[in-house]
Amino acid sequence: MKKLIAIAMTAAVFAGCSSDKAGKLSTPNVEDFNYVVEQFADIQILRYRVAGIESLTLQQQELLYYLTEAALQGRDILFDQNGKYNLTIRQLLEAVYSSANVDKNSDDYKALELYLKRVWVSNGIHHHYAGDKFVPGFTQEFFVNSLQALPQEELPLGEGESFDELMAVILPVMFDPSVKPLHKNQAADADLLLTSASNYYEGVTQAEAEAFYNAMKDPNDLEPISYGLTSRLVKKDGIVQEEVYRVGGKYSDALEKVVYWLEKAAAVAENDQQREVIEKLIEFNKSGDLRTFDEYAICWIGDTASRIDFVNGFTETYGDPLGMKASWESLINFKDLEATKRTVIISDNAQWFEDNSPIANEYKKDEVKGVTAKVINAAMMGGDCYPTTPLGINLPNANWIRAAHGSKSVTIENVSEAYSQSVKGTGFNEEFVWGPEELEMLRKYKFLTDNLHTDLHECLGHGSGKLAPGVDPDALKNYGAPIEESRADLFGLYYMADPIMVELGLLPDEEAYKAQYYSYFMNGLMTQTTRIEFGKNIEQTHMRNRQLITSWVLEKGKEDSCVVLQQRDGKTYVVINNYELVRQHLGELLHEIQRIKSTGDFPAAQAMVEKYGIKIEPNLHREILDRYEALKMAPYKGFVNPIYTPYFDNNGTFTGLSIDYTEDYADQHLRYSRDYSPLTKK
Ligand code: ZN
């Protein structure tokens with residue numbers, strides 16, 4: 001902790017100065033680092049260590065800095081995409097939160113603070129994961145009175161708009177539970193666009209939107225653009241039309257800032273390939289032409305030599321009920337050279353793994369090409385990657401580009417480190433792990449084996465095996481995803497216990513894999529259901545596949561008791577009695593799952609997923625939820641970013657970077673709203 005304060009003071013003293021004292025970057029030790037920022041509602045806010053930042057060259061530091069600025073400029077875009085009034089509501093809430101005229105000890109104020117913190121987490125007024133609208137714990141009267149006490153010029157009023165007019169629009173959106181209750185409606189019997197709160201469409205019915213895009217599609221086009229990816233579809237004067245996200249178009253004020261920083265980044269790119277990537281992205285932001293977007297994506301896949309890499313722009317389509325329109329996100333990162341050695345070793349031995357896999361020979365690839373995945377550390381998160389962030393990313397999304405040019409797959413090491421460190425001291429493992437022997441195993445090997453499992457899953461698992469001739473790759477339909485994720489997970493689990501792991505230097509000894517087996521089974525059979533409301537089924541693909549694998553093996557184990565659920569003092573635990581037998585069953589399941597995939601056996605896939613992957617045993621679920629609740633832990637995690645300060649000499653030449661980890665959650669968001677808010681009314 002002392003070390004962190006020292007770094008912060010250095011930054012404060014020298015910020016803005018031309019100084020050769022700049023650039024003294026270092027990474028705090030895990031033991032000294034303060035991972036937990038705060039916890040509220042159902043979320044815990046963490047910090048992440050930007051490990052290894054001191055190993056970047058001066059030029060890389062400069063590039064990193066410009067990219068982090070570009071990452072922060074898109075925050076408002078996401079708020080607006082998530083709901084038409086989100087930016088206005090955020091401004092109103094922040095105005096009351098920061099007001100000197102309100103009683104900060106009142107229950108209403110405290111409830112408003114909580115509500116605002118949740119809005120910051122979700123980039124809007126709907127829960128970031130569940131999608132339901134937050135219920136304000138403060139009264140409408142308190143909100144209106146507090147706003148009225150503020151100078152009018154501090155309020156986000158439109159041209160000629162009165163306070164009462166603004167309230168007439170905003171209050172129902174916030175306080176009436178029947179107005180846009182869901183961010184994204186997924187119920188099949190409703191118009192998905194008219195019943196969803198997200199702002200990708202305006203005044204357009206689902207049928208109109210589908211007709212609009214179907215008319216554009218050419219079924220003979222083998223290289224189709226991602227139709228509608230970067231635009232808002234609206235009906236104006238009776239005509240359905242796109243508002244394209246670009247400089248000079250929709251979100252121009254934000255995209256101009258993004259382009260400004262990208263141009264600076266392009267000037268200090270590490271190599272020509274990376275410069276071309278950045279320039280293509282700039283070109284796309286200016287034109288909005290989706291052909292250019294595809295050129296950019298292909299160029300980005302080809303940039304494997306650079307140390308620094310990034311995502312910046314409209315990427316994932318989870319927020320659109322029709323799955324076409326992308327939300328804005330950014331992740332700035334650099335390769336963890338030491339950890340990436342793991343993935344290189346794995347990829348170099350890809351053929352050996354394929355040849356020795358426990359699947360039928362006819363489904364093995366004669367020549368397997370390992371995907372070169374890399375391990376990265378995040379340096380800045382923005383848009384839809386902030387403050388909740390993924391553990392791994394695999395892009396681009398366009399199918400034809402993936403087939404023709406491949407994809408890049410990353411594991412985010414420092415995010416996974418923060419997750420695992422945040423569990424320490426919570427009593428979670430002590431509550432759910434069977435005994436001291438298992439606890440010690442997890443303490444020693446869990447982090448290592450978790451990461452290795454992710455590497456095996458991504459580098460080899462998905463790429464292994466082949467379809468029988470003539471089998472349609474989409475034959476498993478909605479069961480395809482959990483079957484495929486099971487396959488990749490099983491591949492990793494099976495090999496984790498192979499002596500080759502020690503031979504290749506990937507694991508320190510032949511006991512280490514047991515930590516992965518124990519934690520995987522504890523998670524799959526019990527603790528992952530802490531994220532699911534009582535009475536509900538498992539919906540999320542990875543959660544389905546984890547339960548599928550573990551409950552299938554549990555059932556197999558009824559004959560040999562290799563793994564059992566055992567009671568002690570009225571509590572249920574996972575006990576693994578024979579790790580070798582567990583491995584054997586995992587191999588048998590991999591054999592069967594590969595057969596299902598390779599032959600496109602839909603009925604078998606359906607039976608497997610429905611029987612093992614979806615339903616939760618209610619008595620056990622209740623018990624797990626009660627035990628979890630007693631620990632007072634939060635099921636979701638979010639992050640604060642570090643602050644980077646650049647240093648320049650009198651000629652404007654970059655001389656170094658400093659990093660400060662001490663900013664707290666509310667301060668960060670208020671600063672972002674002040675300094676990185678190109679779309680709000682000022
Ligand atoms: Zn996967």
Side-chain angles (χ1 to χ4, degrees), residues 129 301 311 315-318 323 331 339-340 342-343 346-347 350 353-354 357 359 363 365 368-376 385 388-399 401-403 406-413 415-416 419 449-467 473-496 516-517 519-521 523-524 528 531 538-550 552 586-587 589-590 592-594 596-598 605 608-609 612-614:
Y129 197 84
I301 294 165
V311 177
T315 309
E316 303 289 358
T317 57
Y318 305 118
L331 181 77
T340 296
R342 292 195 313 248
T343 62
I346 291 167
S347 290
F353 285 100
E354 185 75 1
S357 168
I359 64 174
Y363 307 135
K365 274 188 179 139
V368 59
K369 201 172 159 288
V371 182
T372 312
K374 60 181 177 178
V375 180
I376 61 166
C385 291
T388 62
T389 195
L391 277 169
I393 295 184
N394 189 324
L395 287 172
N397 285 328
N399 283 323
I401 298 180
R402 295 173 72 91
S407 65
K408 277 203 272 194
S409 174
V410 300
T411 309
I412 311 175
E413 184 105 338
V415 167
S416 110
Y419 282 150
T449 56
D450 273 354
N451 286 330
L452 184 58
H453 185 241
T454 307
D455 298 337
L456 288 166
H457 174 118
E458 300 287 355
C459 298
L460 299 181
H462 282 305
S464 71
K466 66 177 179 190
L467 299 181
D474 296 323
L476 303 181
K477 297 181 200 160
N478 50 326
Y479 299 107
I483 290 291
E484 175 58 20
E485 292 307 324
S486 296
R487 205 173 69 83
D489 257 5
L490 283 162
F491 197 96
L493 288 168
Y494 179 79
Y495 275 118
M496 181 79 58
Q516 179 64 21
Y517 276 25
S519 67
Y520 193 93
F521 275 78
N523 186 44
Q528 71 166 357
R531 296 177 73 166
I538 301 177
E539 301 287 348
Q540 211 270 348
T541 299
H542 295 90
M543 292 178 73
R544 283 185 171 185
N545 96 250
R546 287 182 216 122
Q547 177 168 297
L548 186 160
I549 290 172
T550 52
W552 189 92
L586 290 168
L589 182 57
L590 178 54
E592 171 61 4
I593 293 273
Q594 183 66 53
I596 292 173
K597 166 104 182 175
S598 291
M608 183 74 86
V609 176
Y612 298 103
I614 296 180

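This structure is a prediction, so every number in the text was calculated from the model and none was measured. All residue numbers refer to positions in the sequence shown, counting from 1. Just so you know, ligand 1 is whichever comes first in the structure, and atom 1 is the first atom listed for that ligand.
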Check your understanding: Taking only residues two or more places apart in sequence or in another chain, which ones pass side-chain contact (heavy atoms from CB on, under 4.5 Å) with T315?
Key -> V311, E329, L395
Check your understanding: So do the side chains of Q528 and H542 get within less than 4.5 Å of each other, counting heavy atoms only?
Key -> no
Exercise for review: Sequence neighbours left out, what passes salt bridge (Lys or Arg N to Asp or Glu O under 4.0 Å) with R546? Give chain and number order.
Suggested key: none
Exercise for review: Salt-bridge test for R342 and E413: reply yes if a basic N is under 4.0 Å from a carboxylate O, no otherwise.
Suggested key: yes
Check your understanding: side-chain contact (heavy atoms from CB on, under 4.5 Å) with F353: which residues, sequence neighbours excluded?
Key -> N349, L460, F491, Y495, I500, M501, L504
Study note, to complete from the structure: In I393, T340, L331, the residue satisfying side-chain contact (heavy atoms from CB on, under 4.5 Å) with I376 is L331
Exercise for review: Quick one: give me the number of protein N/O/S atoms under 2.8 Å from the Zn ion (ligand 1).
Suggested key: 3
